[in-house]
Amino acid sequence: MLLSTWLLYVAAVFVLTVTPGPSVLMCVSTAVNLGPRKALITSLGSTSAIVGLMTLSALGLGALLAASETLFTALKWAGAAYLAYLGVRALLAPASDIQVAGGAVAGGRRLFAQGFLVGLSNPKALLFFGALFPQFLNPAAPQLPQFLVLGATFVFFELGWLTVYALSAARAQRWLQQPQRARQFNRLTGAVFLLAAGLLATSKRQPA
């Protein structure tokens, strides 16, 4: 892999991971309600989903989705429905509580699963790994070393930024949990999740 290709990938990953999205909002709400350690569990769940998408993309999932209208539609609507559920739940959350999905539930497995589902249905990640990620792989060179380099790079930035957001939210916990600010945050969170659901629901299958 050329250094210039890797640097271009780093730039793309930096923009993708630093931009607040469903995974960031899940991480922030968990940090405010349950603390940064619990937020790290959701971050690990989200990152695990990303690694799964990355692996499937490298194995040719993008081509499979392009060839199967039924599979693409099923995955698209399942992800959109879950994001819409999170959006409605956030909009209906009490004004005194910042909540995305099950914020009062402290079980590690439940938090990991929630982070995993959010990461799996993230429209940005699906678009990136379905269409852009394969373009960074040189088909004439060994695939495994390239995949490991690109995968480690993405995980570094994804976990790094989610940790930054979680720690920042935990420090601002008292400020964010004031009823008026909590209500505004819940509305913003709900709107972002519903927007993400809409983007995913209206996404088009690329022809094979």
Side-chain angles (χ1 to χ4, degrees), residues 16-17 19-56 74-126 129 151 154-174 176-177 179 181-201:
L16 183 71
T17 55
T19 306
S23 295
V24 169
L25 291 174
M26 171 72 76
C27 184
V28 168
S29 66
T30 305
V32 172
N33 285 327
L34 304 174
R37 291 186 179 181
K38 296 294 185 181
L40 179 60
I41 297 177
T42 62
S43 300
L44 290 174
S46 176
T47 305
S48 297
I50 295 298
V51 172
L53 290 174
M54 190 184 308
T55 303
L56 292 174
L75 291 176
K76 178 181 74 171
W77 284 108
Y82 185 67
L83 290 174
Y85 160 75
L86 296 182
V88 172
R89 190 178 181 92
L91 290 175
L92 298 178
S96 59
D97 183 30
I98 290 179
Q99 183 176 5
V100 171
V105 179
R109 291 183 180 180
R110 181 73 175 273
L111 292 172
F112 183 90
Q114 288 171 352
F116 186 89
L117 289 173
V118 169
L120 194 63
S121 55
N122 189 333
K124 293 190 303 178
L126 291 173
F129 291 109
F154 196 99
V155 169
F156 172 80
F157 279 100
E158 177 76 0
L159 273 180
W161 281 116
L162 289 178
T163 300
V164 169
Y165 278 112
L167 293 176
S168 300
R171 288 191 173 187
Q173 182 180 31
R174 292 183 179 179
L176 285 172
Q177 283 186 329
R181 297 189 180 106
R183 184 184 299 109
Q184 293 173 353
F185 182 85
N186 287 333
R187 289 176 178 174
L188 174 62
T189 299
V192 170
F193 273 107
L194 290 175
L195 176 61
L199 290 175
L200 186 57

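Only a predicted model underlies this, so the values are computations on that prediction, with no experimental measurement involved.
Between Phe154 and Leu16, some side-chain heavy-atom pair lies under the 4.5 Å cut-off.
Taking both residues in full, the closest heavy atoms of Pro36 and Leu167 are given as CB-CD2, 4.0 Å, listed atom of the first, atom of the second, then distance.
Note that the OG1 atom of Thr163 and the CD atom of Glu158 stand 9.5 Å from one another [nearest 0.5 Å]. Atom CZ of Arg109 is separated from atom CD of Gln114 by 14.5 Å, given to the nearest 0.5 angstrom. Rounding to the nearest 0.5 Å gives a distance of 10.0 Å between CZ of Phe156 and OG1 of Thr17. Summarising the geometry, atom CE belonging to Met26 is positioned 8.5 Å from atom CG belonging to Leu117; distances are rounded to the nearest 0.5 Å.
Under the 30°/60° scheme for interplanar angles, the aromatic rings of Trp161 and Tyr165 are found to be tilted.
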Please list, one pair per line, the donor and acceptor atoms closer than 3.5 Å that link side chains of residues 40-50 to other protein atoms, with sequence neighbours excluded.
from: Thr42; atom 1: OG1; to: Ala39; atom 2: O; distance (Å): 2.7
from: Ser43; atom 1: OG; to: Ala39; atom 2: O; distance (Å): 2.9
from: Ser46; atom 1: OG; to: Ser23; atom 2: OG; distance (Å): 2.8
from: Thr47; atom 1: OG1; to: Ser43; atom 2: O; distance (Å): 2.8
from: Ser48; atom 1: OG; to: Leu44; atom 2: O; distance (Å): 2.7

